[in-house]
Amino acid sequence: MAINIKTPEQIEGIRKSSQLAAQTLKYMEQFVKPGITTLELDQIIEKYVREYGASPATKGYRGYKHSSCISPNDVVCHGVPNSYVLQDGDILNIDVTTILNGFYGDTCKMYYVGKPSEYAQKLVETTKECLRLGMAECQPGARLGNVGYAISEHAHKNGYSVVYEFCGHGVGLKFHEEPDVPHIAEKNSGPILKEGMVFTIEPMINAGKARCKVDRKDGWTARTIDGRLSAQFEHTIVITSDGCEALTDVYGDF
Ligand code: MF3
Ligand code: CO
Ligand code: CO
């Protein structure tokens, strides 16, 4: 099984979709306030994405019914939008994947609801740094494992743990393609990166233990096993001739 190399035309298509996904996360900033439910946020996302002629990739994906994943506090990822009302001091992740003209763009970021604790802010800022350090390892000839190595070193140095049960992934022509992108890995392990590969890096960093448990009722929402906070940022990146470009980095805010 090979990791497919995207053509310049395909990369252009993935770029447009990625830009829309990033724009959607930016648009949502005004709505992330105490008092709104995560289901209301999801409905706003669906309407916005469709207005731009795209569709939300999660809807109908393996039985998932919503247009985004919305993950507050101890939710690691795949938070199913529901009647949860945002509270002052919450941290929140919104993850959006758009399909535009058949091309997929996947990104997520953290939001502060009102004013979160210093403790929460430090976790969020460190997770953002982890994503950037992972991206800095990406260039033709490098081993993919170095991404996870850089991320996990930085997380551990700060006293945090790295989620290993969910990975980044190839993306672009489908939602999830090869390769898996682990966020904790051995140095100089894994496939060799080549120009034209497109994949996500999306570290989930936990304040406590790394382990997750999936909600038995909705079958998706993954929480930390110990109830402590988790944070995540995600970019869709393409390997270029001398490094990488984050196709979802439209605003330079993470
Ligand atoms: N967007 C998520 C990712 O980054 C995947 C969500 S799949 C879903 O890989 F089915 F949970 F929505
Ligand atoms: Co992803
Ligand atoms: Co995503």
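Heads up: numbering here begins at 1 and tracks the sequence. Indexing begins at 1, ligand by ligand and atom by atom, following the structure's order.
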Is [X] reaching over with its side chain to a backbone N or O of [Y], donor-acceptor style, under 3.5 angstrom?
X: Thr200; Y: Gly168; answer: no
X: Glu245; Y: Thr240; answer: no
X: Asp106; Y: Phe175; answer: no
X: Glu177; Y: Leu173; answer: yes
X: Thr127; Y: Gln232; answer: no

Ring centers of Tyr61, His176 separated by less than 6.0 Å: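 Yes - the distance between ring centres of Tyr61 and His176 falls below the 6.0 Å cut-off.
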Minimum side-chain heavy-atom gap Cys138-Leu193 below 4.5 Å: yes
4.5 Å side-chain heavy-atom contact, Tyr111 and Ile94: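 Side chain of Tyr111 against side chain of Ile94, heavy atoms only: contact under 4.5 Å found.
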Give me the residue, atom name and distance of the protein heavy atom closest to [atom].
atom: atom 2 (C) of ligand 1; value: Asp95 OD2, 3.4 Å
atom: atom 12 (F) of ligand 1; value: Thr58 CG2, 2.9 Å
atom: atom 8 (C) of ligand 1; value: Trp220 CZ3, 3.8 Å

Ion pair Glu29/Lys109, N-O distance below 4.0 Å: yes
The Co ion (ligand 2) reached by His169 (N, O or S, under 2.8 Å):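 For His169, the answer is yes, given that an N, O or S atom comes within less than 2.8 Å of the Co ion (ligand 2).
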Best match, Glu234, His78, Gln232: closest heavy atom to atom 6 (C) of ligand 1: His78
Closest to atom 4 (O) of ligand 1 (judged by heavy-atom distance), picking from His176, Lys65, His66, Glu202: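 Among His176, Lys65, His66, Glu202, the closest heavy atom to atom 4 (O) of ligand 1 belongs to Glu202.
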Those atoms of ligand 1 less than 4.0 Å from some heavy atom in Asp106: 1 (N), 3 (C), 4 (O), 9 (O)
Atoms in ligand 1 flagged as close to Thr97, the criterion being non-hydrogen separation under 4.0 Å: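 Counting atoms of ligand 1 from 1, those under 4.0 Å from Thr97 are 1 (N).
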Heteroatom of Glu234 nearest to the Co ion (ligand 3) (N, O or S, atom name):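 This turns out to be OE1.
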Phe175 near ligand 1 by a heavy-atom separation under 4.0 Å: yes
Proximity to ligand 1 by part of Cys69, non-hydrogen separation under 4.0 Å: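 Just the side chain.
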Shortest-distance N, O or S atom of Glu202 relative to the Co ion (ligand 2): OE2
OD1 (Asp106) - the Co ion (ligand 3) - OD1 (Asp95) angle, nearest 10°: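 With the Co ion (ligand 3) as the vertex, OD1 (Asp106) and OD1 (Asp95) sit 100° apart.
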